[in-house]
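These values consider heavy atoms only, across backbone and side chains, with no hydrogens, waters or symmetry-generated copies.
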Amino acid sequence: MSATHDAQQTPPAPRAAGVHGFCDPRFTAVREAFEENFRTRRELGAAVAVTLGGETVVDLWGGWADAARTRSWERDTLVNVWSTTKGPVALCAHLLADRGLLDLDAPVARYWPEFAAAGKEKVLVRHLLSHRAGLCGLREPHSLQDLYDWELTTARLAATEPWWEPGTRSGYHAVTYGFLVGEVVRRITGLKPGAFLEREVTGPLGIDFSVGLPVEKYGRAAELTHTPAGSDDERSPTFRHLNRLTLAAMANPAIGTAHANTPAWRAAEVPAGNGHGTARAVAALYGVFAGRGSFGGRRILSPEAAERVREGQGSCVDLVLGAGLGGESEAGLGLWLSGPKGAYGPNPRAFGHDGFGGSCGLADPEAGVSLGYVMNRMGPRIMDDPRKMALIDALYGAL
């Protein structure tokens with residue numbers, strides 16, 4: 001079934017068309033920005049949640065869960081959040097480091113001996129977390145069916161040589177990140193990151209988020225769809241200036257909305273990109289970082305471990321995303337720093353992660369806030385979707 005819908009033939013969606021939920025009066029501007037996304041920014045279905053000091057102050061949802069507009073977006077609607085999944089996967093690694101089971105400064109091969117092949121014996125765990133391992137993609141063709149095979153994918157990553165000298169530059173590991181960090185988690189715990197996250201965090205805290213999607217939850221899943229093609233200026237510069245590293249990271253294999261709506265994608269574990277959850281769940285997971293390791297009255301990480309997540313690894317022009325970012329950026333140990341451009345608000349030390357098409361998780365320990373934004377109409381940008389930025393601007397304007 002086609003997942004496209006021509007928003008230009010659809011009248012603007014008024015408030016009555018579907019914004020529901022709770023918003024503390026102090027954050028009315030966030031609700032207004034969320035509603036404006038439906039009126040002027042082609043939103044189809046979406047949700048946004050904000051926590052302040054660990055308490056939910058915004059929990060809004062609205063619009064439609066499918067392209068045909070037959071299912072309303074409900075409070076418990078789940079949606080694939082793409083790379084916003086990377087924050088929870090990083091949390092798994094930091095949990096192990098906090099417990100003394102993982103040394104972020106150790107060679108990856110200490111935990112995954114086969115990884116030492118092809119000159120990777122000195123690649124450190126921190127290089128995996130910060131997109132500096134030189135493994136932004138595989139060199140040999142890798143199909144979607146291959147990607148769904150955990151053992152095959154991790155074996156190929158262990159055998160391949162880096163594209164650049166590890167540790168020297170970042171090059172966004174769009175899909176490989178989850179397998180690289182995830183295999184280290186699996187070697188230590190015996191569990192893939194999705195199961196480990198459920199056992200240690202989402203289960204105990206009752207957070208409605210999973211890597212992959214259990215079949216019994218399919219009925220709650222939103223259908224992903226594309227925004228109609230706009231002007232060339234609107235399209236992500238990342239896709240207008242493709243180099244061999246961008247192609248390796250983003251197109252081997254190519255993954256789109258049509259794939260993400262299938263049972264095969266949902267049944268697989270692709271921990272860099274197939275997390276499914278609500279905005280409330282994303283805000284809670286990033287809220288662990290915003291709460292300096294605590295959320296919902298429960299300590300998940302020590303304050304020191306939570307702080308280490310945003311330990312900058314050096315600003316540079318990312319080898320994969322450089323064209324799209326328009327300049328330098330800086331990754332921490334699993335998440336990206338807001339930096340001088342304010343990708344996650346005016347605090348340059350706030351941090352978070354965008355998901356392809358628009359979703360976002362944000363953490364700002366200084367302000368004590370986290371934000372989760374999820375949607376089903378994919379925008380054309382890799383990062384800093386206008387809908388996301390409008391919500392972040394409104395949030396900080398209200399603080």
Pair Tyr373, Asp354: side-chain N/O donor-acceptor within cut-off below 3.5 Å: no
OG1-CD distance between Thr40 and Glu36, expressed to the nearest 0.5 angstrom: 3.5 Å
Is there a donor-acceptor contact under 3.5 Å linking the side chains of Tyr177 and Ser83? no
Measure the shortest side-chain to side-chain distance between His127 and Val125 over non-hydrogen atoms and say whether it is less than 4.5 angstrom. no
Do Asn347 and Asp364 have a side chain donor and acceptor closer than 3.5 Å? yes
No-hydrogen, no-angle side-chain donor-acceptor test under 3.5 Å, Trp265 and Asn80: yes
Salt-bridge criterion met for Glu43 and Arg377 (N-O under 4.0 Å): no
Report the relative orientation of the aromatic rings in His353 and Trp336; use parallel for angles under 30°, tilted for 30 to 60°, perpendicular for over 60°. perpendicular
For the pair Trp112 and Phe115, name the ring-plane relationship: parallel under 30°, tilted 30 to 60°, perpendicular over 60°. tilted
Residues at least two apart in sequence or cross-chain that pass salt bridge (Lys or Arg N to Asp or Glu O under 4.0 Å) with Arg99, listed by chain then number, are Glu200
Presence of salt bridge, Asp105 and Arg308, under 4.0 angstrom: yes
Does Arg266 form a salt bridge (Lys or Arg N to Asp or Glu O under 4.0 Å) with Glu223? I'd like the steps, not just the answer. CA-CA 12 Å; Arg266 293 170 177 174; Glu223 177 191 17; over 6 Å; no
Can you tell whether the side chains of Arg349 and Glu307 come within less than 4.0 Å, N to carboxylate O? yes
Salt-bridge present (Glu74, Arg220; N to O < 4.0 Å): no
Does any donor atom in the side chain of Asp318 or Ser170 lie under 3.5 Å from an acceptor atom in the other side chain? yes
Can you see whether Asp59 engages Thr56 through a side-chain donor-acceptor pair at a distance of less than 3.5 angstrom? no
Close side-chain approach of Phe196 to Leu96, heavy-atom, < 4.5 Å: yes
For the residue pair Arg132 and Gln313, confirm or rule out a side-chain donor-acceptor distance under 3.5 Å. no
Minimal non-hydrogen separation, Thr70 against Trp64, with atom names: N-CE3, 4.2 Å
For Asp98 and Ser302, which I'm curious about, is there any donor-acceptor pair between the side chains at under 3.5 Å? yes
Whether Arg156 and Glu140 form a salt bridge (side-chain N of Lys/Arg under 4.0 Å from carboxylate O of Asp/Glu) is what I want to check. yes
Does any non-hydrogen side-chain atom of Leu78 lie less than 4.5 Å from one of Tyr218? no
Listing request: all side-chain hydrogen bond (donor to acceptor under 3.5 Å, both in side chains) pairs with a residue in residues 180-195, at least two apart in sequence or in separate chains. Glu114-Arg187, Trp150-Glu183, Glu183-Arg186, Glu183-Arg187
Exercise: identify the closest heavy-atom pair between Gly178 and Pro271: O-CG, 3.3 Å
Are side-chain heavy atoms of Arg298 and Leu205 found at a separation under 4.5 Å? yes
Would you say Phe209 and Pro88 make side-chain contact, with heavy atoms under 4.5 Å? yes
Check: Thr202/Glu198 side-chain N/O donor and acceptor closer than 3.5 Å: no
Within the structure provided, determine whether Asn376 and Leu44 are in side-chain contact (heavy-atom separation under 4.5 Å). yes
Presence of salt bridge, Arg26 and Asp24, under 4.0 angstrom: no
I'd like to know if Lys122 pairs up with Glu165 as an ion pair, taking the criterion as any Lys NZ or Arg NE/NH1/NH2 lying under 4.0 Å from an Asp or Glu carboxylate oxygen. no
